[in-house]
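Taking it in order: structure first as structure tokens, then the write-up.
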Amino acid sequence: MQEPIPGPFIEFRNVSYRVAETQVLSNFTLQVERGEVLVLLGRSGSGKTTTLKLINRLLSPSSGEVWVNGVRNFDADIIRLRRGIGYVIQEVGLFPHFNVARNIGLVPKLEGWPEPKIRRRIDELLQLTGLAPEIASRFPHQLSGGQRQRVGVARALAANPEILLMDEPFGALDPLTRDDLQREFLALQKSLGKTVVFVTHDLREALRLGSRIGLMEAGRLVTILGPAEFLRSSDPWAAAYVKAFGDPLDPDRTEGVS
Amino acid sequence: MSFLQFILQNRGQVFELTAEHLWLVGLSTFFAALIGIPLGILIAHWPRLDKSVLGTANVIQTVPSLALFGFLLPVPWLGDRADRLAILALTLYALLPIIRNTYTGIRGIDAAVVESGRGMGMTESQLLLQVELPLAMSVILSGVRTAVVISVGLATIAAAIGAGGLGELIFRGLAMVDNSVILAGAVPAAVLALLADFGIGLLEQRLQPR
């Protein structure tokens, strides 16, 4: 691991992103601290996913700068940058022609780890993500949705990145499986302490997982608050979101329930 | 079944013509794959070119084969030997299915798979070799299969310009108004086409991504 550099771990400075005539992000400024779980909350099309992809440079800003760990993204070696960032998406995107073990071991393999070390790491990750060892030889199509997403998380963690980007990772799961995975994510995060940027449109999920919640609307960061403050916020957008989710929500109540 | 008698009596010649036929088809398919697969990969990644490349291959496909053979005949080095010319023409015809299938095979890969590969830091060539080609391989092979089946049929016409192959028996039979001689060329050609179709089909199934 690199020497920690003081200051925010991920930083957006006045970032705008345009596609053709559409302004997807405008004047976006955001700081993510080391070890926090920053949840980007917002409706579809609010620019959450775009923000995430600007971090691992799947997209490049039209103007402004993104900094990761004290280095301007634009100057970073794109392959090195991406291999140091775990990426989990809703569709998972496991390689259908690789078995679970090869999927999990992908980045270590690309990084040229010796085979025994990769194997040990795969066993470790299967255990960490609550998967049975015999799953290692299965193929993605033989897994349930929850198992696939666990493999997705294991794959993202494989080379021990400091940053995890998660794009609605639990969005396509049934409520019970989602609940399991959210709980496991919290436990995992407690022990690993990664810097996580987590995208969701589910307020309940945001309150449960986030150390801070950034609310996005039409390509702008409306407000950024802790979960408890979010519920009490007088910001019209935040209040509208809370209202849309009905009954009074508070983080203590959602913790064990949902 | 007098054509079977004819084949038996002339088995040496039939065998030789079959070998010639295979040579024409095999070599032209090889060249077509050599050109078509990279072209298909190129246009799959550079969609701005896809219409013009596929369009050109399409136009080539519509030129009647006999006319194409005729057009190429006066070309210096090519016209010297009929088999060169036949191989070139067959290669041109085989391009379309190979380019098109390579293109659709790669475009058809789940976008999430490619995106997660890229997001994890695979280089473009790692993505191509470890993800895109393996996942598109069965579709690409089915293009090759179509190309081979078309070529086996088209190659019979190459006999018209003296390139040899089983078409020679067909043309001879036509001239002699002797069905058994025509069949002695046509049946082995049909069998070749079926065998190639079946064989590549098996390979395709084995490479089918799960």
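Throughout, protein chains are lettered first and strands after them, A, B, ... in sequence-line order, and every chain is numbered starting at 1.
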When the side chains of residues 186-204 of chain B are checked against the rest of the protein, which donor-acceptor pairs come out under 3.5 Å, sequence neighbours left out?
| residue | atom | partner | partner atom | Å |
| --- | --- | --- | --- | --- |
| B/Asp197 | OD1 | B/Arg145 | NH1 | 3.3 |
| B/Glu204 | OE1 | B/Arg145 | NE | 3.0 |

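Atom NE2 of B/His45 is surrounded by more than 12 heavy atoms from other residues, nucleotides or ligands within 6.0 Å. In A/Arg43, the CZ atom is not crowded: 12 or fewer heavy atoms of neighbouring residues, nucleotides or ligands sit closer than 6.0 Å. By the neighbour-count criterion of 12 heavy atoms within 6.0 Å, atom CD of A/Gln127 is sparsely surrounded, having that number or fewer from other residues, nucleotides or ligands. Atom CH2 of A/Trp113 has more than 12 neighbouring heavy atoms from other residues, nucleotides or ligands inside a 6.0 Å radius. Other residues, nucleotides and ligands place no more than 12 heavy atoms under 6.0 Å from the CD atom of B/Glu16.
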- Please walk me through it: do A/Arg82 and B/Met122 pass side-chain contact (heavy atoms from CB on, under 4.5 Å)? CA-CA 8 Å; A/Arg82 287 174 182 166; B/Met122 294 185 98; over 6 Å; no

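Separation of atoms CG (A/Leu94) and CG (B/Asp110) is listed at 10.0 Å; rounding is to 0.5 Å. From A/Asn56, atom CG reaches atom CD of B/Glu115 across 8.0 Å, with rounding to the nearest 0.5 Å. Here CG of B/Leu127 is found 6.5 Å from CZ of A/Phe95. Values are rounded to the nearest 0.5 Å. Annotation: the span from B/Arg118 atom CZ to A/Arg57 atom CZ amounts to 13.0 Å, rounded to 0.5 Å. Here the CD1-CE distance, from A/Ile79 to B/Met120, works out to 11.5 Å after rounding to the nearest 0.5 Å. From B/Gln126, atom CD reaches atom CG of A/Leu106 across 8.5 Å, with rounding to the nearest 0.5 Å.
Pairing each heavy atom of A/Pro96 with each of B/Leu135, the nearest pair is CG-CD2, 3.6 Å. For B/Ala112 against A/Glu91, the heavy-atom pair with the smallest separation is CB-CB, 3.6 Å. The two residues B/Ser116 and A/Gly93 make their nearest non-hydrogen contact at OG-O, 2.7 Å.
No part of A/Val88 comes within reach of chain B, as not one of its non-hydrogen atoms sits under 4.5 angstrom from that chain.
Remark: side-chain polar atoms of A/His97 are not paired, donor with acceptor, to backbone N or O of B/Leu207 under 3.5 angstrom.
For residues 150-158 of chain A, heavy-atom neighbours of chain B at less than 4.5 Å comprise A/Arg155, sorted by residue number.
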